[in-house]
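Here is the structure we will look at.
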Amino acid sequence: MSGNPDDLPFFGDDDMPSPAQPGGGIAARAMAARRGPSTPYLEGLNPEQRLAVETTEGPVLVLAGAGTGKTRVLTTRIAHILATGRAYPSQILAVTFTNKAAREMKMRVGVLVGEAVEGMPWLGTFHSIGVKLLRRHSELAGLKSSFTILDTDDQIRLLKQLIQAEGLDDKRWPARQFAQMIDGWKNKGLAPGDIPEGDARAFANGKGRQLYAAYQARLKTLNAVDFGDLLLHPIRVFREYPDVLREYHAKFKYILVDEYQDTNTAQYMWLRLLAQRQAGSVNVCCVGDDDQSIYGWRGAEVDNILRFEKDFPGATVIRLERNYRSTAHILGAASHLIAHNEGRLGKTLFTEQSDPDDPKVKVHAAWDSEEEARGVGEEIEALQTKGHALNDMAILVRASFQMREFEDRFVTLGLNYRVIGGPRFYERQEIRDAMAYFRVVAQPADDLAFERIVNVPKRGLGEAAVRQIHDVARMRGVPLLQAARDLVGTEEMKPKPRAALRTLAESFERWQSQIDRVSHTELAEQILEESGYTDMWKNDRSAEAPGRLENLKELIRSMEEYESLRGFLEHVALVMDAERDEGLDAVSLMTLHSAKGLEFDTVFLPGWEEGLFPHQRALDEGGRTGLEEERRLAYVGLTRAKRNLHLWFTSNRRIHGLWQSTLPSRFLDELPEAHVDVAEDGGGYGGYGRSAGQPGRPNPYGRSRFDDTSFSNSYATPGWQRAQRNRTDATDRNWGTRSGHQAERIGYGETDSGYGAGRGSVKGRTIEGELVAKSVSDSPSAFKIGDRVFHMKFGNGNVAAIEGNKLTINFDKAGQKRVLDGFVKAL
DNA sequence: TGGCGAACTCTTTTT
DNA sequence: GAGTTCGCCA
């Protein structure tokens, strides 16, 4: 395998011609074709959009609200730069966050400019451009240009090894958690030496930094990088080799950045290095919307966008506020909601489409998530019979576990749906296994891949054998595959594993020798056949085996689009999603995060409950900032809808397998009444103390806030009350012991934030949550002192005292207990 | 060494 | 509740 990046289709056409020799015919022709007085692509732009397109020189910040034609501006701007001959395609650096966005941009520029886009080698995601830079300058970063990119799986396995090698308990210090920490550091652009003391101490009794350094060293020996390195290495190269940086300064005449509000510190540093030069104009154009910054948890710094004018003095700031997407009701709801945030740059979206027939935003209540799914399903079917296409509808959830209920429902209804960004194709076990085989073939030094499949399928090479191979590898300083070969030639191994290992090593040799002789798809099939991998699944009688075989076929099929095995591997490392059939008419189901940038006629937003949305963890970890980010997420959700918008909340939801009663999201209270309707479609909001198993019974304890038509303006938000309750109750909870005394309640807040004392005692937490839905009513209890009540666990008793919704009850048999009113029934 | 049951964690969002 | 990991036993 040569490490020449030009082998890769991904890198295919590179960025010359230089301005001195226009050479490349296509781009030149395209430009010539577009040159002259006619600029048809500018037609139909509004004045602000046009300004954003035509202000090509100097720093420009485009604040583009939702649905204001942001992508159109970006693509037209590129087209304009090309068409007016300001730059060659290879002189434009255009960065996006997602592959989806990059693809879309490529396509749309292509439509505007013709084939010239083929010559835009520097349009891509931060990461794909990072790889490209790093392949060119790998030696400056201490790597070979054939370096591999680790996926999360590899990364965690590697970290686990390192943690164990330190003699640490990898249960107490989980690799997964450490991987996230490293990720966080890398997002901030921190090398092991730069980590603040406190951070370094936080993991493994202060060994955090040392482990991080060990991890980086290990990556280097493996000739591998992780996602964060794709940014950090180029940054370091730029800093240490100014002439390299200057080369790119000369190269990139125009820089465009999409979704600027989502850039993290490392990306920001990367951009600054490329954009800020000693002299001359900096033609950098960043497009973003501070109200749609939803990746703070991943290290994104909204500050970057708020600070743009300081970073680039003399910047032109252009606001796009005319919304072309949504009705006035939807826009009104979204704007009113987002106005609750502080620290915004502030935009006022407006629309000229206003029709008295436009439906208001609808809020629906359901008893539980099942009913919620049923309700949404009914609505979808109703729309379908009215002639709406399923493709125009989407369900956007806060957390992916919510998807399940909908999938179940749609399967029963026979309704087509498509999950976007769900469990990723390339993350499936069988795909990863197959890929590991391919990696070892293409990349014999890829130890992590080798390790993954030495004993898959089982060939009697267990832990003992693997350790032996490891020892040899370490001793001789060679990759595992090489060590295996060496070991086969000796008597050191027992005959059985030795034979197995010999077969494997020989197979790899054979496959490697085939690499240039047969097509890569053929080779791939051969590998999977001869390794026994496909047989393994054929012999597997489990329900999912056929699907896995199908996926493997799909994998081979998708390889056809690539020229070489290496090109394919590169693609997979960066693009974790596989494209899906767009032909089908289907409802889209995805998380709010992956919905950014999309739009649908009809949007359903289920799960607007405290604790889920806003998510409890966002509140716990992020405080006010966290809440504001959740609100922006809500804003993103609302503004995806063009015409119909349905919000749902349920009064009971199962979390960790336990039923919990929930409260409507505070965000519902933040919507303007003028634009919102409360649906009359029944729904079972309300009930306290009802058994989860019997939905639909009348609510015995009064009315919901939503029984009254309006959201009574109790800004005394339920969430705060609950948060406080959780905190105080955490102390007087009596965790169950194995023998059966159990806590009366559990709550969102404490489920996994059991710090300190909680840690050890979390074990015995078997709570009868499945019996009765929990109540966390903030209305006074419906019981009176002296009431005769029944409790599932403790039996009959009399109410002795009432404190909010907590009751002290003298049980006939169990004695005096404090319980929540939700757990008892009046007799 | 591998298979089976018990125990434990997990659920935010992703390049 | 579910998926995964761990530990014991054959």
Selection from dG1(C), dT15(B), dG3(B) that lies nearest to any side-chain heavy atom of K458(A): dG3(B)
Sugar-phosphate only, base, or nothing, as touched by G460(A) at under 4.0 Å among non-hydrogen atoms: sugar-phosphate
For atom CG of L150(A) and atom C1' of dT14(B), their distance in whole Å: 17 Å
From dG1(C), dT11(B), dT15(B), nucleotide with atom closest to F227(A) side chain: dT15(B)
By side-chain hydrogen bond (donor to acceptor under 3.5 Å, both in side chains) - contacts of T96(A) (at least two apart): none
Ionic contact status for K186(A) with D183(A), cut-off 4.0 Å: no
Results of side-chain hydrogen bond (donor to acceptor under 3.5 Å, both in side chains) for W608(A) - residues two or more places apart only: none
Ion pair R653(A)/E609(A), N-O distance below 4.0 Å: yes
Sugar-phosphate, base or nothing in reach of R176(A), heavy atoms under 4.0 Å: nothing
F97(A) over dT15(B), stacked by centroid distance under 5.5 Å, angle under 30°: no
OP1 or OP2 of dT14(B) under 4.0 Å from side-chain N/O of T591(A): yes
N or O in side chain of N187(A) less than 4.0 angstrom from dT14(B) OP1/OP2: no
Integer-rounded Å distance: dT14(B) P and I149(A) CD1: 20 Å
Nucleotide nearest R654(A) (side chain, heavy atoms from C-beta), chosen from dT14(B), dG1(C), dT11(B): dG1(C)
K100(A)/E104(A) ion pair, N-O < 4.0 Å: no
Residues D258(A) and K70(A) bridged, charged N to O under 4.0 Å: yes
Distance, rounded to the nearest Å, where N264(A) contributes CG and dT14(B) contributes C1': 12 Å
Atom pairs, N/O to N/O, protein against nucleotides 6-10 of chain C, distance under 3.5 Å?
none

Rounded distance in Å - CZ (F613(A)) to C1' (dT13(B)): 11 Å
Nucleotide of dT14(B), dA2(C), dT15(B) approaching T125(A) most closely (side-chain heavy atoms): dT15(B)
Nearest-angstrom distance from the residue atom CD1 of I420(A) to P of dT14(B): 12 Å
Nucleotide nearest T98(A) when distance is taken to its side chain, options dG2(B), dG1(C), dT15(B): dT15(B)
Distance-only side-chain donor-acceptor flag, Y635(A) / N341(A), under 3.5 Å: no
Toward the 5' end of DNA chain B, by each residue's nearest nucleotide, A464(A) or A618(A): A464(A)
Residues E405(A) and S369(A): side-chain donor-acceptor under 3.5 angstrom: yes
Touch class at under 4.0 angstrom, heavy-atom based, for D226(A) against every strand present: nothing
Value in whole Å for how far the P atom of dG1(C) lies from CZ of R653(A): 17 Å
Sugar-phosphate, base or nothing in reach of Y295(A), heavy atoms under 4.0 Å: sugar-phosphate
Atom-pair distance (CZ on F401(A); P on dT11(B)), nearest Å: 11 Å
Ring-on-base stacking dT13(B) with W297(A) (under 5.5 Å, under 30°): yes
Length of the NE2-P vector between H615(A) and dC10(B), whole Å: 13 Å
